[in-house]
Protein chains: 2
Amino acid sequence: MLTDQIARTRRFYRAVTAESGALDSSYLGLGRPLGPARVLNAIGQGMEELDQIRNYLRIDSAQLSRYLRGLEDEGLVTTRISGSDSRCRIATLTDAGAEEIRSYERLSDEQASTVLARHPRPKALLDAMDLVAIAFGLDRTRYEIVSPSDPRAQACLNAFYTELSQRFERGFDVAKSCDPDHADMTPPRGAFLLMMLDRLPIGCAGLKGTDHGYAEIKRMWITPAARGMGLTHRLMAEIEDKARALGINTLRLDTNSILTEACAYYRKHGWTEIERFNPDPYPDLFFEKKL
Amino acid sequence: MLTDQIARTRRFYRAVTAESGALDSSYLGLGRPLGPARVLNAIGQGMEELDQIRNYLRIDSAQLSRYLRGLEDEGLVTTRISGSDSRCRIATLTDAGAEEIRSYERLSDEQASTVLARHPRPKALLDAMDLVAIAFGLDRTRYEIVSPSDPRAQACLNAFYTELSQRFERGFDVAKSCDPDHADMTPPRGAFLLMMLDRLPIGCAGLKGTDHGYAEIKRMWITPAARGMGLTHRLMAEIEDKARALGINTLRLDTNSILTEACAYYRKHGWTEIERFNPDPYPDLFFEKKL
DNA sequence: GATAATCGCTGACAATAGTCAGATAAACTG
DNA sequence: CAGTTTATCTGACTATTGTCAGCGATTATC
């Protein structure tokens with residue numbers, strides 16, 4: 001049975017490497033050799049320090065130097081000396097470079113939508129791709145502090161509310177819940193944290209400042225495809241760090257005993273159950289943690 | 001929402017290309033440049049005609065020639081002139097070549113099991129990988145006629161029986177069903193057909209010869225990850241071809257009205273409902289088709 | 001403030017991959 | 001059987017990628 005699982009995994013690898021042959025060559029669709037194209041693309045993804053680019057693309061310093069000079073000659077990239085350490089250099093796209101990146105993006109988008117369009121069950125395929133992408137990308141997650149009204153934050157929140165309304169017997173209506181003021185979840189009073197993989201959010205958590213000597217954790221959510229992989233712990237650790245950085249030393253949160261995984265997590269990780277501290281109708285369990 | 005789907009698809013691509021960088025270099029783990037390694041591997045996969053190899057690897061004729069000569073010099077491959085067309089050549093692995101392939105296989109197996117071992121929900125990951133692999137590999141399906149006792153056939157049949165026992169209200173017990181004699185599903189009386197993707201079966205169908213002027217289609221099954229993509233039709237077309245080749249001109253089958261997708265398919269594709277023609281307790285619908 | 005370490009650059013190669021124009025032999029076509 | 005097509009191979013290049021040693025300039029270390 002294990003050999004069967006290995007065979008399935010290898011079949012997957014074969015399928016995607018066969019498929020992504022087409023993807024790799026789309027880099028080349030721009031009529032540029034792979035090396036410089038990858039560098040241009042890395043810069044377009046926001047990588048600036050040469051060190052970072054070298055590390056990501058795993059190319060030699062001499063190689064990168066030559067690629068960069070080539071891209072500079074073509075007027076796609078400029079480099080300047082870093083302010084903080086004048087040994088280091090920073091690469092930036094010129095307008096022409098940015099335009100070239102955009103055309104690459106368009107091409108990739110087209111390819112992606114072709115893949116989806118060709119499939120009779122795009123939703124199932126997307127879910128499967130999410131699971132795989134998250135499984136493989138766990139080490140590349142990043143955090144971002146955004147406004148609670150950021151569209152990516154809103155997307156997470158909507159998914160969260162939808163899930164609550166399905167899990168709670170009597171449904172869930174945000175309007176009836178204590179929806180935190182945006183100001184309370186914005187620095188310096190609080191924060192709203194997104195966990196990102198590539199450019200998509202896979203989880204969120206809100207830190208709501210109060211005037212009562214503690215802050216609350218609100219709207220803690222991880223996308224279903226990413227559950228069971230210890231991401232909750234990472235996200236909580238990250239938001240606790242943020243809280244400490246804001247000078248907060250007591251955290252509270254409310255939850256519902258229906259959300260068994262969450263409750264188990266809190267009990268196991270230094271949270272202690274306390275008395276109800278707000279009138280919100282949905283929660284029935286309340287926790288506190290000293291930082 | 002569509003842009004979101006595209007972003008998810010592209011995240012998937014990024015994840016697997018980042019991941020399969022490791023995979024690609026495992027080719028190189030053998031200490032051989034990518035080109036010759038790919039050729040060696042293609043031959044190891046059973047590709048023999050140079051034309052076929054060139055086509056699969058998309059490499060130039062001159063290039064392949066040189067790679068082959070290099071592999072010959074190393075004693076990993078021999079080439080001989082094809083019997084049917086002496087312009088063509090056939091490449092075969094030597095023992096040393098086969099051993100090198102095996103060490104590559106071991107490496108790939110190890111990598112695959114590492115990926116699985118690292119994941120907290122290997123079953124979900126495997127299901128997702130299957131779905132993706134099948135979606136991407138649809139054009140590479142092959143058919144194979146095997147004995148019904150072949151382990152791959154047995155794996156399909158067990159999956160089929162398990163599914164039936166879940167879908168039928170009173171469960172399913174093969175022993176109580178009319179389990180066809182293996183001889184009836186073996187040429188020249190009949191056949192057992194596997195639909196393969198890479199080296200794994202994704203579906204099966206049995207053709208059971210009888211002495212009553214017709215043959216029966218039995219044990220028609222497609223793996224869940226591959227459903228909704230028109231594979232039933234392909235598999236049915238293939239087995240009808242096989243039936244014709246065996247000189248069969250009337251097909252019958254039995255099914256249960258619970259299996260709504262299957263019934264809808266039969267009605268739509270030239271099958272006409274007929275009276276019960278066997279005493280099997282599980283089916284309640286009977287079809288016939290003239291070829 | 002001397003010494004060591006780091007960063008990016010250039011030069012000099014070596015290895016690998018891709019391309020094209022014939023050459024040769026075999027097979028197909030009428 | 002002459003002419004054409006096909007499959008493979010060789011030679012001659014070019015393009016691309018990978019590697020190493022060493023050079024200035026700058027920064028870290030003691």
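Labels below follow one simple rule: chain letters A, B, ... track the order of the sequence lines, proteins then strands, and each chain is numbered from 1.
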Phosphate OP1/OP2 of dC9(C) contacted by R89(A) side-chain N/O (<4.0 Å): yes
Donor-acceptor pair between R89(A) and S82(A) side chains, under 3.5 angstrom: no
Nearest-angstrom distance from the residue atom CZ of R58(A) to P of dG18(D): 13 Å
Electrostatic pair E105(A):R199(A) at N-O distance under 4.0 angstrom: yes
Touch class at under 4.0 angstrom, heavy-atom based, for D60(B) against every strand present: base
Under-4.0 Å side-chain N/O to phosphate OP1/OP2 contact, R54(B) with dA7(D): no
Residue R87(B), side-chain atoms from C-beta onward, closest of dT27(D), dA27(C), dG11(D): dA27(C)
Touch class at under 4.0 angstrom, heavy-atom based, for R66(B) against every strand present: base
d(CZ, R32(B); P, dA15(C)) in whole Å: 16 Å
Whole angstrom value for the distance that separates C1' of dC7(C) from CG of L68(A): 13 Å
Residue-phosphate contact under 4.0 Å: Y67(B) side-chain N/O, dT16(C) OP1/OP2: no
Test: R8(A) and D127(B) ion pair at under 4.0 Å: yes
L64(A) CG to dT19(D) C1', straight-line distance once rounded to whole Å: 15 Å
Strand contacts (DNA chain D) in residues 44-53 of chain A, 4.0 angstrom heavy-atom criterion: none
Any side-chain donor near an acceptor of the partner, E72(A) and T78(A), under 3.5 Å: no
Between C1' of dA25(D) and CG of D85(A), the distance in whole Å: 11 Å
Nearest listed nucleotide, side chain of A62(A), among dA27(C), dT10(D), dT19(D): dT19(D)
Aromatic plane relationship, F12(B) with F136(B) - under 30° parallel, 30 to 60° tilted, over 60° perpendicular: perpendicular
d(CG, L71(A); C1', dG8(C)) in whole Å: 16 Å
Ion pair R54(A)/E49(A), N-O distance below 4.0 Å: no
Side-chain ion pair, D109(A) and R106(A), N-O less than 4.0 Å: no
Separation of atom CD in E72(B) from atom P in dT8(D), rounded to whole Å: 13 Å
Residue C88(A), side-chain atoms from C-beta onward, closest of dA27(C), dG8(C), dT8(D): dG8(C)
Electrostatic pair R234(B):E238(B) at N-O distance under 4.0 angstrom: no
Distance test, side-chain N/O of Q63(A) to OP1/OP2 of dG18(D), below 4.0 Å: yes
Of the listed nucleotides dA17(C), dT10(C), dG18(C), the one nearest the side chain of P33(B): dA17(C)
Residue S61(B), side-chain atoms from C-beta onward, closest of dA26(C), dT8(D), dA25(D): dT8(D)
Nearest-angstrom distance from the residue atom CZ of R38(B) to P of dT16(C): 15 Å
